[in-house]
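For the numbers below, each heavy atom of this structure counts, side chains included, while hydrogens, waters and symmetry mates do not. All values reported here derive from a predicted model rather than from experimental measurement.
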Amino acid sequence: MKEVYIANIRTAQEVTEFFMVKSIAVKIGANKKQYLDLMLGDKTGEISGKKWDVSDEELPSLSKIKEGDIIKIRAAVTEWNGLKQFRVMRIRQRATNDPVDISDFIKAAPEKPEEMYAYILEKAENFQDEDLKKLCVKMLTENKEKLMYYPAAQKNHHAEMAGLLYHIKRMLMNGERMCQVYTMLNQDLVLAGVILHDMEKLNEIESNELGISSGYSFEGQMLGHLIQGVKTLDRLTTELNFPKEKAIMLEHMILSHHYEPEFGSPKKPLFPEAEILHYLDIIDARMYDMQDALDKTDPGEFSERVWTLDNRRLYKPGSVGK
């Protein structure tokens, strides 16, 4: 059984263990020699790996290793730019008699998909606004199968099985509380925006049923989930005979929730519900990335650098709150 997890490895440690391949490629280094570039994972996280000076004789066996495969490696744990990395010495594919449990390798949301889906669907069914109710219930029911396993990203926040549901659920919980504080907000509109804002990630990202993404679809690469989302809303709100103002406001919420042009939003939020949607999204993403980094950090120590958080090293208190 698996004994060494990515969250627990330490620099200068030597590891012989099974990991899942997230990406694999043979590349040419600055010295003109071939090397193997890997991203490996288990349920606790991911780590990059390098096998230097790959010979031509090794290429046939290495070419058989694909994304999603379980492999066994022997490697030294090194550090590069503040991040741990494997220097791989030996590598082989999983044998049929290897004692491997697939649950050790799948990063999954900490709640059951069925329960998260039921929670989200109930919120939509309780909307007072009939237009928003019909739209959100339709989107949720038609996409139920994918929602049971889809990640919210290929990498970074909520890149895990059922991560999209987990992201939506926590945003809904926060959104309800925000509406209690800022009473001018239209709660149905805020919560509808939460349910719909990332729904087109189901078509932007390519993922298997373990929640492992292999990349982005053609349309996802060409348009991205914000534009895909606006296209879908335009079609559905027309089908459902939405009032024009309400339809455009929803489309604006999808289009503006990344806030900045460099992150894909050509417009900044122009009304309070759109503004709060952006902050609900960014709060949940950052709290996820912080928790993920600190789960791998000993009390009283600093985490590895988290590039999604401006390359910060986070501190995990040793005694505060105990």
Side-chain angles (χ1 to χ4, degrees), residues 111 115-144 147 152 157-158 163-202 204 224-261 263-288:
E111 299 180 30
E115 293 177 0
M116 293 189 289
Y117 178 84
Y119 176 93
I120 295 165
L121 182 62
E122 183 181 16
K123 295 297 180 187
E125 291 174 336
N126 287 335
F127 287 170
Q128 298 300 305
D129 186 304
E130 289 296 324
D131 294 319
L132 297 178
K133 179 191 294 187
K134 288 177 184 177
L135 175 62
C136 288
V137 169
K138 181 178 177 67
M139 288 287 279
L140 289 166
T141 53
E142 289 183 353
N143 291 290
K144 180 178 180 179
L147 284 167
H157 81 87
H158 301 88
L164 182 55
L165 280 178
Y166 190 48
H167 182 45
I168 293 171
K169 183 193 172 186
R170 295 207 299 186
M171 284 180 65
L172 285 175
M173 295 170 71
N174 253 342
E176 284 190 321
R177 288 159 176 79
M178 286 288 191
C179 290
Q180 292 169 8
V181 177
Y182 303 105
T183 55
M184 79 287 200
L185 293 169
N186 180 318
Q187 179 167 305
D188 283 358
L189 187 57
V190 170
L191 300 189
V194 168
I195 291 170
L196 299 170
H197 81 290
D198 274 350
M199 194 65 73
E200 276 301 308
K201 285 188 173 183
L202 299 173
E204 177 190 41
H225 69 277
L226 275 66
I227 302 301
Q228 290 171 281
V230 170
K231 287 178 61 182
T232 297
L233 281 182
D234 190 55
R235 173 176 58 83
L236 291 178
T237 53
T238 300
E239 289 177 10
L240 295 171
N241 296 314
F242 252 63
K244 185 174 182 180
E245 179 192 44
K246 194 184 297 183
I248 291 175
M249 288 178 72
L250 270 178
E251 290 177 12
H252 174 79
M253 292 174 76
I254 303 303
L255 197 66
S256 66
H257 83 267
H258 281 186
Y259 214 81
E260 302 289 353
F263 299 133
S265 284
K267 287 281 188 180
K268 286 191 177 182
L270 297 178
F271 53 90
E273 290 80 4
E275 183 83 2
I276 207 71
L277 176 63
H278 164 70
Y279 286 106
L280 290 170
D281 187 39
I282 202 71
I283 286 169
D284 192 52
R286 288 184 177 176
M287 289 299 102
Y288 179 94

**Student:** State whether a side-chain donor-acceptor pair under 3.5 Å links D281 with H258.
**Tutor:** no
**Student:** Does the N143 side chain pair with the main chain of M139, one donor and one acceptor, at a distance under 3.5 Å?
**Tutor:** yes
**Student:** Check this for me: Y182, atom OH, are more than 12 non-hydrogen atoms of other residues, nucleotides or ligands nearer than 6.0 Å?
**Tutor:** no
**Student:** Test your reading of the model: is there a side-chain donor-acceptor pair from S265 to the backbone of Y259, 3.5 Å cut-off?
**Tutor:** yes
**Student:** Any heavy-atom pair between the side chains of E115 and K169 that's under 4.5 Å?
**Tutor:** no
**Student:** Is E204 salt-bridged to K201, cutoff N-O under 4.0 Å?
**Tutor:** no
**Student:** Using the six-membered ring wherever Trp is involved, compare the ring planes of H257 and H197 and label them parallel, tilted or perpendicular (cut-offs 30° and 60°).
**Tutor:** perpendicular
**Student:** State, to 0.1 Å, how close Y117 and L140 come at their nearest heavy-atom pair, and which atoms those are.
**Tutor:** OH-O, 3.1 Å
**Student:** Just so I know, are the side chains of I254 and L196 near enough to count as touching, which here means a heavy-atom distance under 4.5 Å?
**Tutor:** yes
**Student:** Give a yes or no answer on whether the side chain of T141 reaches the backbone of V137 with a donor-acceptor pair at less than 3.5 Å.
**Tutor:** yes
**Student:** Can you find a side-chain donor-acceptor pair between E111 and Y119 that sits under 3.5 Å?
**Tutor:** no
**Student:** Out of L135, L255, T238, I248, which residue meets the side chain to side chain contact (heavy atoms under 4.5 Å, CB included) rule with L233?
**Tutor:** L135
**Student:** Do F271 and H252 have ring centres separated by under 6.0 Å?
**Tutor:** yes
**Student:** Using only atom types and a distance under 3.5 Å, with no angle test, would you say the side chain of Y166 pairs donor to acceptor with the backbone of A152?
**Tutor:** no
**Student:** Side chain of R235, backbone of K231: donor and acceptor closer than 3.5 Å?
**Tutor:** no
**Student:** Just checking, any donor-acceptor pair under 3.5 angstrom between side chains of H225 and E200?
**Tutor:** no
**Student:** According to salt bridge (Lys or Arg N to Asp or Glu O under 4.0 Å), who are the partners of E142, at least two apart in sequence or on a separate chain?
**Tutor:** K138
**Student:** Test K123 against E176 for salt bridge (Lys or Arg N to Asp or Glu O under 4.0 Å), laying out the working first.
**Tutor:** CA-CA 10 Å; K123 295 297 180 187; E176 284 190 321; 3.0 Å; yes
**Student:** Look up atom CD1 in I276 and atom CE in M184, then write down how far apart they are to the nearest 0.5 Å.
**Tutor:** 7.5 Å
**Student:** Under 3.5 Å, side chain of D188 to main-chain N/O of Q128, donor-acceptor pair present?
**Tutor:** yes
**Student:** Give a yes or no on whether K134 atom NZ has more than 12 heavy-atom contacts from other residues, nucleotides or ligands under 6.0 Å away.
**Tutor:** no
**Student:** Got a second to check how far I120's CD1 is from E125's CD, nearest 0.5 Å?
**Tutor:** 12.0 Å
**Student:** Considering non-hydrogen atoms only, spot the tightest contact between I283 and N174 and give its length.
**Tutor:** CG2-ND2, 4.0 Å
